[in-house]
Amino acid sequence: MSAAPTLAGAAPEIDLAQLVKRYGRKHALEGVDLQLTGAQLVGVVGPDGAGKTTLLRAIAGLLEVEAQRANVLGFDLRGDVRALKAQVGYVPQLFALNRELSVIENLRFTGKLHRIATAVFERRAEELLARTALAPFADRPTGALSGGMKQKLAVANALLPEPALLVLDECTAGVDVVARAEIAALLAARRGETLVLLSTSYLDEAASCDRLVYLDAGRVLATGTPAELRAQVRVELYRAWAAAPRAIAAAARALPYVVAVRTSGRYARVEVAAERSPGAARVIADLAALAGVRVVELRPLDMETTLLALARSGARA
Amino acid sequence: MSEPIIAATGLTKRFGTFTAVDALTLAVEPGAIFAFLGANGSGKSTTIRMLIGLLVPTAGTIRVDGIDVIATPRRVRDRIGYMGQKVSLYQGITLRENVEFYAGLYGIDGAALERRWGAVRERFALRDAEGERPESLPAGLRQRAGLALATLHEPRLLFLDEPTAGVDVASRDLFWQIIQDEADAGRTVFVTTHFLEEADYCDQISFIADGRLVANATPEELRAAHSDGYRIDVEAPLAAGALARLAAAGFSATHNGDALTLRRPQIDAPSLDALAAALGPAAIGGLRIEQPAMNDIFTRLIERTQVTAP
Amino acid sequence: MKARRLRTLMVREVRATLRDPFTVISLIAVPLVALLAFSSILATNVEHMRLGVHDASRSALSRRLLSDVAASGAFDPSPYATREALEAALVAGEISAALVLPPDLQDALAQRAGAAPPEVQVLYDGAETVLAGNADAFLRSILAASGARISVRELSSRATRLGELRSPAARAGVDVVTQALFNPQLLGRPFMVAGTFGFVLSFVTVLITAVSIVNERLSGTFDQLQLTPATTVEILLGKLLPLGAVFSLDVLLMVVVAGLVLGVWPAGSVLFFLLVATVYVSMSLSLGLIFSATSATAAEAVQKTVLFSVPLVQLSGFAFPIRNMPMPVQWLAELLPATHFIRVARAIYLRGAGPFELWSELLFLGAFGAALIALAVRTLERRT
């Protein structure tokens, strides 16, 4: 049965081996192996339908699972997870706070649930409201907040009990850049204290994670720091600058080694399969020869290229 | 300059005492991809709903493709395709049945339907999804199917409200290729998004805050106005007289040992020509261009409007 | 309006309705369960009811009356020597109803001309309104033949002191006669079957419809629909006609099951009943659409339906006789379409009434239906 909770940093805080989740005949998770240790920001990324939500819900102790090993914060996910839930904060995709209560009432309710002492609650709530810029709206009914404010509140609310593990499922989907930055700042303030697992489709958020878990078709396809993931990808990225880059996209796609072309502003992003690449000098010359191209540069891989390449290799597998 | 295909003047919408959209004036050129951006709750969806005739404005005028939308909202319906934040496919019936349904409402059936749907299905990579019910499709595919349905009646304008929200990067990539193809085919696209790198895929950007228009420019003009501009690190040796020509083209140069760093608020066609000429054919690959990120530009814009807000 | 667009809308609605297992089960199971349950659980057939009798008359007439009552099989009469003993037995729950025949019963009937008819009292336990009401009607029909005037007293509860017997409306003889005509066998089952149509069509119909548009709104398809060339009237008819057809089939199913399983067929024309039921269905559909179009979430639409339909059905006379309600409530009940529909349904089922006898009720239903449909169109057309 479940072991006693381990001290932070002493042992893997998440240790999953062959974790399987079935819905009827459908397998949402096909055998996930994952070890994560210590407080850090971990991004769970991958294509739609890869099983990200299912994995996050399983780790938060919300699902019945099968596994060889399924330990989270020293608790076995297959056993009694009530004690685990006290140490986990979870923010689901859909807004799940009480819409009729005001911002501060929602926080107070969470404080009471977790039996946080009044003085401690006041201090933490004040800090969270300040960081999220929600202080002026403390008395507004939660249902009347904008989408971005709701998500900031949801994250702040989950952080209030200072959980050892925080699980965020697409909590920034449809949220504007400033609100996202405030959420990122909230999480950064807990860096070194909380293990944060989040799924996101924003490239900048994925790039700023300490570690990424790339999930595809219910399995972990790759895991590592963003740099480690980039190193696994066999793609070269070029930019061909032109006054009207849309006009060169078709010609660039016709080159035999080119995998994908997409135009953006004054340039076309050109992805080249490393194994078919004739070498950077030749690619640059070929691209420069296209009508309208003025300047060509070889770029270090970015998160977009990395994830696209992983998606392609996942689709092939 | 051609006649704008979307022209709104003094557009205002009040809900009780709350002003969601405040005297907004917009003009969109035919065939353009027009990004309509703003923070959550800034009035984007309200504006779109007024432009397509789902919501009656409190004040203002709207002309879409020459039609007065406020007076005769039904007349504009054949000419616009719309895809909302919720992809409007009916659950419980297959994608193919959804296609027949929407096509039927536009009076498209028989050979015409087969021809149009056949083309759209290939272009949007929907062949495998045809027999599936929308609820069993991954989000990206569902989104593409929604866009396919919105284009089936070959509208002159497409209104897309956060079409890529919650969609993975590969699907977004394909989605924008499709949008750019639609624009190249002469269709006007009016689109909102929170993925700000997508703003660069557009020709024109309007930015609203608290229901008011605070910026309306091309992506490059926004860079020039609201960022520190481009930084270009040149590693290759320059041709003779290159620096003078670059300076004439608006680049400022700083040397750091052998390395040369150029700066320019924005990059346009003439400056690209100057850059190419200065580098010469041999050194065309010997540089790195750092482009100001749209994320930072919009963070600045939002912060500026918050400071100046009453 | 274009026929092809309407057909497109209707085909989709039928497909969606018939492919949703939950809706199909609701459409078949709920009416049938309601039919079977209400006709047996709320069965108000009077059988072997314990009836206390105080015969102060002790005449040939009173003996004949009592033997008629006993022969019906509905009552098991037991004699009480005094009125006090009788009332005590009623209060104690030993008997469910009591009959008091006055000493002057025979004499008063003999000298008919001019004089007031003799008064026969029926007492019953107010806690069992439905059963007592039917027993009351039954006794009336037997006693009315004798020409005696009947007064009814209801013991409002068993704890009531005897001195405080409430005496609600003691209705005149006309009432007695008509009741017996409506339901000559005094069977509760056809009465409840006819009422169940009112219950199902006021509740299930509104509920299923109420969820439909709000779901379309939430899934975004409603916006999309409004942006197609389809007009509001087409969109409305695209919902009303298929759902109307589905619920009319539901009515037919209930008529057949009630006939085959419960042995209850309408005394009047089945076709006429189906027609009236269809009119009422369209009214419930419009009401459902209005609830749906004015709700932000499915839960809100369901709440509106429940909050509206439960009192609607309660006041309609479905389970509790309207004549037992306070006057203001009776007026309110007369304003509700469910009341009129149930009345019409019972008239057709029990009395075999046709359109000519029911014209005023039908006019009310028709006018109410037209107003609701107009309101539904306006609600859907709003662009705010």
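Values below: all heavy atoms of this structure, side chains included; hydrogens, waters and symmetry mates excluded. Quick note on labels: first sequence line is chain A, next is B, and so on, each numbered from 1. Fair warning: this is a prediction, and the values are worked out from it, not measured in the lab.
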Proximity breakdown for Ser42(B) and chain A, heavy-atom pairs closer than 4.5 Å: neither

Thr172(A)-Glu205(A) side chain donor-acceptor pair, cut-off 3.5 Å: yes

Residue pair Thr306(A), Tyr214(A): steps toward the side chain to side chain contact (heavy atoms under 4.5 Å, CB included) verdict: CA-CA 11 Å; Thr306(A) 308; Tyr214(A) 188 89; over 6 Å; no

Engaged part of Val45(A) at the chain B interface, taking heavy atoms whose separation is under 4.5 Å: neither

Chain A contact via Gln177(B) - side chain, backbone, both or neither, heavy atoms under 4.5 Å: both

Charged tip of Arg264(B) within 45° of Tyr230(B) ring normal and under 6.0 Å: no

Most chain A-contacting option - heavy-atom pairs closer than 4.5 Å, from Leu196(B), Ile267(B), Leu137(B): Ile267(B)

When Leu37(B), Asp203(B), Thr218(B) are compared by non-hydrogen pairs under 4.5 Å with chain A, the top option: Asp203(B)

Name of the residue among Leu187(A), Val155(A), Leu56(A), Ile183(A) meeting side chain to side chain contact (heavy atoms under 4.5 Å, CB included) with Leu198(A): Leu187(A)

Polar contact flag, side-chain donor to acceptor under 3.5 angstrom, Arg239(A)-Ser264(A): no

Contacting region of Tyr267(A) [heavy-atom separation from chain B under 4.5 Å]: side chain

Part of Ala242(A) lying under 4.5 Å from any heavy atom of chain B: backbone

